[in-house]
Amino acid sequence: MEKHLPYFSFIESIKKDTCPICILVNKNINKFFEDLLYEKVNDIDIRKKFEEYSGFCNYHAHQFLKYNDGIAISLLNKDLLINNINSINNKSYLFKKQKKKTNCQICELKKEYENHYLSIFSEFWNDEALKNNFISNSFLCIPHLNMLKSKFKNIPDWLFDTIRNKYTIILNNVNSYLDSCNFDDNKKNISLTTDQINSWKILTNIIYGIEGM
C-alpha cells in the first residue's frame, strides 16, 4: 500500500500516553485559527460565513480569545452585535422565530478532521511501523475509540488489546496515586513513579480527549 503524507503525519502524532487523533485534530484547529488571524480575517466571504453561523460556539469563541488579537476578534464579532442591535430596533425578534444556534464552523471542521484521521488510521492500522509504534506508545481516547467503533467494522484485535492494556495500566497508576494520598500511616510514605504522579492528568485525556477537543 502506497504511503503518503497523512500516513507520515499520523506516525509523527503517535506520542506517549496521548491519543494521536486528538493531536492531529487539535493541530489543524490551531492552524485554522492562525490562518484566520494572519490571512483571512479581512476576507469578505470568510466573514460572511462567520456571520451565517452566528459566530463560534462558546468553547471555540473563548479558545480564539486566547490568541489575544483584539483587532481580529473585533472585526469578526462586531457585525454580530450590529445585527442584534438592528433586530431590537426593528422589533423583528417579536415576529420572527429565532433559529436555534447550530454548531460553529470549527465544530464542523473538527468532525471532518476526526473522520479523516480515523480513516487514515483504518487504512494503515496493519502497517507494521504504525502498529508497533502505536502499541509501544499510544492509545485512543474514549471519544475517538467510540467514533472508530461506530465508523468501522472488522477492527483488528491487536488494537482493542492495546487500548485495554493501556487503560488498565493507567487505572493501576491512578489507584497507586490515590493510595499515596491516603493519610493512613502505612501508606503515606509510598514512593511513586512519574507515570503514577501524572496518572490523573492522563486519565482526563483518556476520558475526554486532550484540551481543545
Side-chain angles (χ1 to χ4, degrees), residues 5-34 36 53 55-67 100-127 130-175 177-178 195-213:
L5 184 59
Y7 165 85
F8 294 107
S9 296
F10 199 99
I11 289 285
E12 290 175 3
S13 74
I14 297 176
K15 311 289 184 183
K16 187 177 186 300
D17 294 334
T18 310
C19 171
I21 307 295
C22 283
I23 290 177
L24 288 163
V25 173
N26 210 34
K27 180 179 178 181
N28 279 274
I29 289 174
N30 288 334
K31 185 178 185 305
F32 174 88
F33 278 131
E34 290 166 2
L36 185 62
Y53 276 91
F56 298 139
C57 66
N58 178 278
Y59 176 80
H60 286 124
H62 284 276
Q63 191 175 358
F64 191 43
L65 201 63
K66 292 178 181 179
Y67 284 83
K100 185 177 180 181
K101 177 78 167 72
T102 59
N103 280 342
C104 72
Q105 61 196 103
I106 302 179
C107 289
E108 293 194 356
L109 279 174
K110 175 178 173 287
K111 291 178 182 178
E112 291 177 14
Y113 292 139
E114 286 173 322
N115 285 322
H116 173 68
Y117 287 114
L118 285 169
S119 295
I120 295 297
F121 190 24
S122 71
E123 183 180 354
F124 290 101
W125 57 27
N126 287 318
D127 173 82
L130 186 149
K131 177 181 175 181
N132 292 335
N133 199 354
F134 188 93
I135 290 173
S136 298
N137 295 293
S138 203
F139 54 71
L140 293 183
C141 65
I142 290 174
H144 288 138
L145 175 60
N146 289 336
M147 285 185 69
L148 189 78
K149 290 190 291 185
S150 67
K151 187 176 174 64
F152 299 102
K153 296 179 180 179
N154 302 319
I155 299 172
D157 289 339
W158 74 260
L159 181 55
F160 285 121
D161 291 342
T162 297
I163 292 172
R164 183 183 62 249
N165 291 341
K166 294 293 176 61
Y167 286 2
T168 302
I169 290 170
I170 298 302
L171 177 60
N172 290 337
N173 285 341
V174 168
N175 286 332
Y177 169 77
L178 290 173
D195 286 343
Q196 290 169 336
I197 292 170
N198 293 324
S199 61
W200 55 279
K201 298 177 184 178
I202 301 170
L203 177 63
T204 298
N205 289 341
I206 287 177
I207 301 297
Y208 305 102
I210 65 173
E211 183 180 3
M213 291 295 100

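Only heavy atoms go into these numbers, but all of them, side chains included; no hydrogens, no water, no symmetry mates.
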Checking side chain to side chain contact (heavy atoms under 4.5 Å, CB included) for the pair Tyr7/Ile11: CA distance, chi angles, key distance, verdict? CA-CA 6 Å; Tyr7 165 85; Ile11 289 285; 3.9 Å; yes
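Of all the heavy atoms in Trp125 and Leu130, the pair that sits closest is CA-CD2, 4.2 Å. Between Leu145 and Ile163, the shortest heavy-atom contact is CD1-CD1, 3.8 Å. Across all non-hydrogen atoms, the minimal contact from Ser122 to Ser119 is OG-O, 2.8 Å. Minimum heavy-atom separation, Glu211 to Asn26: O-ND2, 3.3 Å. The minimum heavy-atom distance linking Phe56 with Ala61 is given by the pair CB-N, 3.7 Å. Annotation for Tyr167 and Ile206: closest pair CE1-CG2, 3.7 Å, computed over non-hydrogen atoms.
Within 6.0 Å of NZ in Lys151 there are more than 12 heavy atoms belonging to other residues, nucleotides or ligands. For Tyr208, the OH atom sits in a loose shell: 12 or fewer heavy atoms of surrounding residues, nucleotides or ligands are nearer than 6.0 Å. Residue-environment remark: CH2 (Trp200) stays at or below the threshold of 12 foreign heavy atoms within 6.0 Å.
In this structure, the side chain of Lys131 does not engage the main chain of Leu159 through any donor-acceptor pair within 3.5 Å. Checking side-chain atoms of Lys153 against main-chain N and O of Ser150 turns up no donor-acceptor pair under 3.5 Å. Side chain of Tyr113 to backbone of Cys22: no donor-acceptor contact under 3.5 angstrom is found. Looking at Ser138, its side chain never comes within 3.5 Å of a backbone N or O of Cys19 through a donor-acceptor pair.
By the 30° and 60° cut-offs, the orientation of the rings of Trp158 relative to Phe134 is perpendicular. Taking the six-membered ring where tryptophan is involved, the planes of Phe33 and Tyr67 are tilted, since the angle between them lies from 30° to 60°.
Here the straight-line distance linking atom CG of Asn28 with atom CD1 of Ile23 works out to 12.5 Å at 0.5 Å rounding. Atom CD1 in Ile135 sits 8.0 Å away from atom NZ in Lys166 (nearest 0.5 Å). Atom CG of residue Asp17 and atom CD1 of residue Ile210 lie 13.0 Å apart, to the nearest 0.5 angstrom. If you take CZ on Phe121 and CG on Leu148, they are separated by 7.0 Å, rounding to the nearest 0.5 Å.
Side-chain contact check for Pro20 versus Leu140: some heavy-atom pair is nearer than 4.5 Å.
Ring centroid separation for the pair Phe10 and Phe124 does not come in under the 6.0 Å cut-off.
Of the candidates Glu114, Glu108, Glu112, Lys110 forms a salt bridge (charged side-chain N to carboxylate O under 4.0 Å, His left out) with just one, namely Glu114.
Remark: Asp195 engages Lys16 in a salt bridge, criterion side-chain N to carboxylate O under 4.0 Å.
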